[in-house]
Amino acid sequence: MAHWLMKSEPDVYGIDHLEREGTTLWDGIRNYQARNYMRTMAIGDRAFFYHSNAKPPGIIGLMQVVTTGLVDPSQFDPASKYFDRASKPEAPRWDCVRLGFLERFDALLSLEQLRQEFSADDLPVVRQGNRLSILPVSEASAQRLLALLKPA
DNA sequence: GCCAACGTTGGC
DNA sequence: GCCAACGTTGGC
């Protein structure tokens, strides 16, 4: 079971939305590297929910991969901001996964705290200017994160 | 294939 | 609003 970090803006889709809905299609990914990471996800993988463009930004919850290898429907929807006219139904360019809510942590682990605890090598999200919305988290870093988020 | 221009993400 | 980082596009 691998661990990931996935960003979303709470004003657009935050942990509150996911807790209410139970599961969600993680659509709208339009970056090849992020897409390729999604393609390597397996059912049961866990993902830290990171609130980006928030005050403050940081990790707020935990999710589980429920379904993999789904075609992202928004690429074919002209009304969607994620519409991609170059993508054809017979050869979809973008795909996505379905994620399920696991838990919301008692306190947000802020980016500032993450920078105190981790180097950019251990947790790339702390690197200045990191724009990738999906990042792998090493097993060692995942365990340290869980220890910080769920003190005994 | 190179590179300049441009666009997007996201912290501050 | 500014800026760092970096991906994408298009001319050549």
Side-chain angles (χ1 to χ4, degrees), chain A residues 2-21 23-41 45-65 68-138 140-142 144-149:
Chain A
H3 281 87
W4 306 90
L5 182 145
M6 302 176 80
K7 302 179 188 174
S8 184
E9 301 185 20
D11 292 346
V12 178
Y13 194 92
I15 192 75
D16 290 345
H17 299 88
L18 181 61
E19 184 164 22
R20 209 178 308 133
E21 296 177 352
T23 73
T24 190
L25 205 60
W26 205 265
D27 61 356
I29 298 300
R30 295 294 180 269
N31 171 286
Y32 289 107
Q33 200 176 341
R35 181 202 67 179
N36 293 343
Y37 280 139
M38 269 201 305
R39 287 184 171 175
T40 72
M41 287 182 184
D45 281 2
R46 297 198 168 181
F48 294 95
F49 196 137
Y50 180 93
H51 276 176
S52 59
N53 258 320
K55 297 174 185 176
I59 292 172
I60 188 63
L62 192 66
M63 307 182 278
Q64 187 169 34
V65 177
T68 58
L70 301 167
V71 172
D72 181 342
S74 66
Q75 67 195 302
F76 302 124
D77 176 6
S80 170
K81 67 175 285 197
Y82 301 117
F83 179 62
D84 181 355
R85 65 183 313 132
S87 183
K88 300 300 168 201
E90 60 272 21
R93 179 176 297 182
W94 306 109
D95 41 58
C96 58
V97 297
R98 180 166 290 277
L99 293 165
F101 175 87
L102 280 184
E103 68 177 301
R104 179 194 181 112
F105 298 115
D106 293 335
L108 176 131
L109 185 55
S110 70
L111 178 58
E112 185 184 4
Q113 289 173 286
L114 291 172
R115 288 196 166 124
Q116 290 167 14
E117 299 285 342
F118 294 88
S119 70
D121 286 341
D122 289 337
L123 197 69
V125 74
V126 307
R127 183 179 301 117
Q128 183 190 10
N130 189 317
R131 297 175 309 144
L132 252 197
S133 63
I134 298 176
L135 295 161
V137 177
S138 72
S141 291
R144 286 178 60 199
L145 282 172
L146 289 169
L148 291 165
L149 287 156

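So that the names make sense, note that chain A is the first sequence line, chain B the second, and so on, each numbered from 1. Everything numeric here is computed off the predicted structure, so don't read it as measured data.
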> Around A:D106, counting heavy atoms of other residues, nucleotides and ligands shown, do more than 12 lie under 6.0 Å from its CG?
Replying inline: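 Open: at most 12 neighbouring heavy atoms sit under 6.0 Å from CG of A:D106.
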>> Any salt bridge linking A:R35 with A:D72? Criterion: basic side-chain nitrogen under 4.0 Å from a carboxylate oxygen.
In response: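 Looking at A:R35 and A:D72, the cut-off is not met.
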Closest to side chain of [X], choosing from [options]:
| X | options | value |
| --- | --- | --- |
| A:R131 | C:dA4, B:dG11, C:dC6 | C:dC6 |
| A:Q33 | C:dA4, C:dG7, B:dG11 | C:dG7 |
| A:N31 | C:dG7, B:dG10, C:dA5 | C:dG7 |

Can you tell me the distance, in whole Å, between the [atom1] atom of [X] and the [atom2] atom of [N]?
| X | N | atom1 | atom2 | result |
| --- | --- | --- | --- | --- |
| A:I59 | B:dG11 | CD1 | P | 12 Å |
| A:R30 | C:dT9 | CZ | P | 13 Å |
| A:M6 | B:dG10 | CE | P | 12 Å |
| A:L111 | B:dC12 | CG | P | 5 Å |
| A:R35 | C:dG7 | CZ | P | 14 Å |
| A:K81 | B:dG7 | NZ | P | 16 Å |
| A:W94 | C:dG7 | CH2 | P | 13 Å |
| A:D84 | B:dG7 | CG | P | 17 Å |

> Stepwise, does the side-chain hydrogen bond (donor to acceptor under 3.5 Å, both in side chains) test hold for A:S133 with A:R30?
Replying inline: CA-CA 10 Å; A:S133 63; A:R30 295 294 180 269; over 6 Å; no
> With nearest nucleotides of DNA chain B determined for A:R115 and A:G129 from heavy-atom distances, which residue corresponds to the more 5′ nucleotide?
Replying inline: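 Residue closer to the 5' terminus by nearest nucleotide: A:G129.
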>> Quick one: does any side-chain atom of A:Q113 pair with a main-chain N or O of A:S110 as donor and acceptor, under 3.5 Å?
In response: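 At least one qualifying donor-acceptor pair exists.
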[N] phosphate, OP1 or OP2, under 4.0 Å from [X] side-chain N/O:
| X | N | value |
| --- | --- | --- |
| A:K7 | B:dT9 | no |
| A:R127 | B:dG10 | no |
| A:Y50 | B:dG11 | yes |

> How far apart are the C-alpha atoms of A:D84 and A:Q75, what are their side-chain angles, what is the distance that settles it, and do they pass the side-chain hydrogen bond (donor to acceptor under 3.5 Å, both in side chains) test?
Replying inline: CA-CA 5 Å; A:D84 181 355; A:Q75 67 195 302; over 6 Å; no
